[in-house]
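This report refers to the structure that appears directly beneath it.
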Amino acid sequence: HYPEKGANYCLSFEVLEALIAEFGESGVLLTERALDKLDQAVGWCVSNRVTLAYAGKTYAGWNSGGDRLSLESGQPEFWATGVIHMFLSRLIEMLRQDIQRQVLERYRVPVRNANWNDLIDVDVPIPSEGDPQKLKNILEEEMIRPIAEGRLGRRRSALLFGPPGTSKTTLVRALAKQVGWPCIELDPSHFLVDGLERIYARAQDIFDDLSDLTRVVILFDEMDALVQKRDEHLDVTRQFLTTSMLPRLAKLHGARDILFFFATNHLGYFDEAIKRPGRFDLLLLVQPPRWSAKL
């Protein structure tokens, strides 16, 4: 409080920002009562945001109330605006982490015995000069190494196909462990948990959850039945699901800090549109390793 000038609220939001920084990860600020109070603080920020037109541009921010003249003129102030942004930034990050935790608890599976260096590499039949390309080498170059360098590579998704028992699921789990990201696994049961008649709504719920995540590896496993070719013999439910998954996969592909994979034993079951670039950056055959590699 400044008796000669007016009230100054900056300290209130500095305290809130410090509280979130100190206790945000503990969960004590995620109770209903605390969230209601934080919501009131955000509401104050919304209703007290001021704008100023200057040199043909409009600037927005906050005024601390410490100077009545600038408050009456609706002029944003540098420090007041900075304090509000610090508070909102901390709040957004706290909520993001909690949403991520809840979604991971819903879908995450423990990574069991999935060490990248323990997996036997296999040849990938891609035309190239010299020795055949190796599956692990491709994934290391396109996905693992960029993340280790602090960035996301151009290749963010892959369709893994091949006969049963070639460790496609284990490969994805090991890749997630290698980059240090949690792994989420989805199969048809997740889409059918509420019954066939609710499969569209359930798909929307799942992709809404996935859109809240960052720095995760997502595996769609054994999804053959949900992405079959569209033809006159396919029932309406699956045909619609196949169509509805295409834009969702494209949107997921554009998400930041996410890698996702489809694993299937039967590539021929997949609609051609599913296999177009923009849904999967890599189509990789996962075949059994050579006998010499096994030895």
Has the side chain of S167 got a donor or acceptor atom that lies under 3.5 Å from a matching backbone atom of T170?
no
Evaluate the ring pair (Phe, Tyr, Trp, His ring centres under 6.0 Å) criterion for residues F262 and F280: first the C-alpha distance (whole Å), next the side-chain angles of each, then the deciding distance (0.1 Å), finally the verdict.
CA-CA 9 Å; F262 263 47; F280 296 100; 5.1 Å; yes
Mind telling me whether W62 and H85 have parallel, tilted or perpendicular rings, with 30° and 60° as the class edges?
perpendicular
With sequence neighbours excluded, what pairs up with Q75 under the side chain to side chain donor-acceptor pair (under 3.5 Å) test?
none
With hydrophobic residues grouped by side-chain heavy-atom distances under 4.5 Å, do I120 and L285 end up in a single group?
no
So which atom in L119 and which in A174 form the shortest heavy-atom distance, rounded to 0.1 Å?
CD1-CB, 3.6 Å
Has K136 got its NZ or CZ under 6.0 Å from the middle of the six-membered ring of W116, at an angle within 45 degrees of the ring axis?
yes
dist T169:OG1 -> E185:CD (nearest 0.5 Å) comes out at 6.0 Å
Identify all side-chain donor-acceptor contacts of residues 288-295 below 3.5 Å with residues at least two apart in sequence or on another chain.
unit_1, atom_1, unit_2, atom_2, d
R290, NE, D123, OD2, 2.5
R290, NH2, D123, OD2, 2.9

Straight-line distance of L171 CG to R173 CZ, nearest 0.5 Å:
11.5 Å
Acceptor/donor pairs from residues 92-100 side chains to any protein atom, 3.5 angstrom cut, sequence neighbours excluded:
unit_1, atom_1, unit_2, atom_2, d
E93, OE1, R96, NE, 3.1
E93, OE2, R96, NH2, 2.7
E93, OE2, Q97, NE2, 2.9
R96, NH1, T214, OG1, 2.9
D98, OD1, R101, NE, 3.1
D98, OD1, R101, NH2, 2.6
D98, OD2, Q102, NE2, 2.8
Q100, OE1, T214, N, 2.9
Q100, NE2, T214, O, 2.8

Can any side-chain N or O of E142 pair as donor or acceptor with the backbone N or O of R155 at less than 3.5 Å?
no
Hey, does the side chain of N115 reach the backbone of N117 with a donor-acceptor pair shorter than 3.5 angstrom?
no
Only one of L219, L159, I218 forms a side-chain contact (heavy atoms from CB on, under 4.5 Å) with F261, so which one is it?
L219
Check the hydrophobic clustering (I, L, V, M, F, W, Y; side-chain heavy atoms under 4.5 Å; chains of links allowed) and say if F87 and W79 are grouped together.
yes
Indicate if L91 and L11 have the same hydrophobic cluster label, given that clusters are the connected sets of ILVMFWY residues with side-chain heavy-atom separations under 4.5 angstrom.
yes
Quick one: does K168's side chain have a donor or acceptor within less than 3.5 Å of a partner on P163's backbone?
yes
When the side chains of residues 37-60 are checked against the rest of the protein, which donor-acceptor pairs come out under 3.5 Å, sequence neighbours left out?
unit_1, atom_1, unit_2, atom_2, d
S47, OG, G43, O, 3.1
S47, OG, W44, O, 3.2
N48, ND2, W44, O, 2.9

Pairs involving residues 209-221, ordered by first then second residue, that meet salt bridge (charged side-chain N to carboxylate O under 4.0 Å, His left out) (sequence neighbours left out)
R106-D209
Restricting to side chain to side chain contact (heavy atoms under 4.5 Å, CB included), what partner residues turn up for E32, sequence neighbours left out?
D36
Kindly compute the distance separating CG (N137) from CZ (R145), expressed to the nearest 0.5 Å.
9.0 Å
Roughly how far, to the nearest 0.5 Å, is the CG atom of L152 from the CD1 atom of I258?
9.5 Å
Are V193 and L104 connected into the same hydrophobic cluster when the rule is that any two of I, L, V, M, F, W, Y join if their side-chain heavy atoms are below 4.5 Å apart?
no
State whether the side chain of D281 and the backbone N or O of S157 hold a donor-acceptor pair below 3.5 Å, judged by distance alone.
yes
Are R156 and F260 close enough, and set up right, to give a side chain to side chain contact (heavy atoms under 4.5 Å, CB included), and what steps lead you there?
CA-CA 7 Å; R156 306 179 183 184; F260 71 92; 5.8 Å; no
Is a salt bridge present between R90 and E17, judged by a nitrogen-to-oxygen distance below 4.0 Å?
yes
Can you tell me how far OG1 of T81 sits from CG of N63, rounded to the nearest 0.5 angstrom?
8.5 Å
Tell me whether T166 contacts the main-chain N or O of V286 through its side chain, where contact means a donor paired with an acceptor under 3.5 Å.
yes
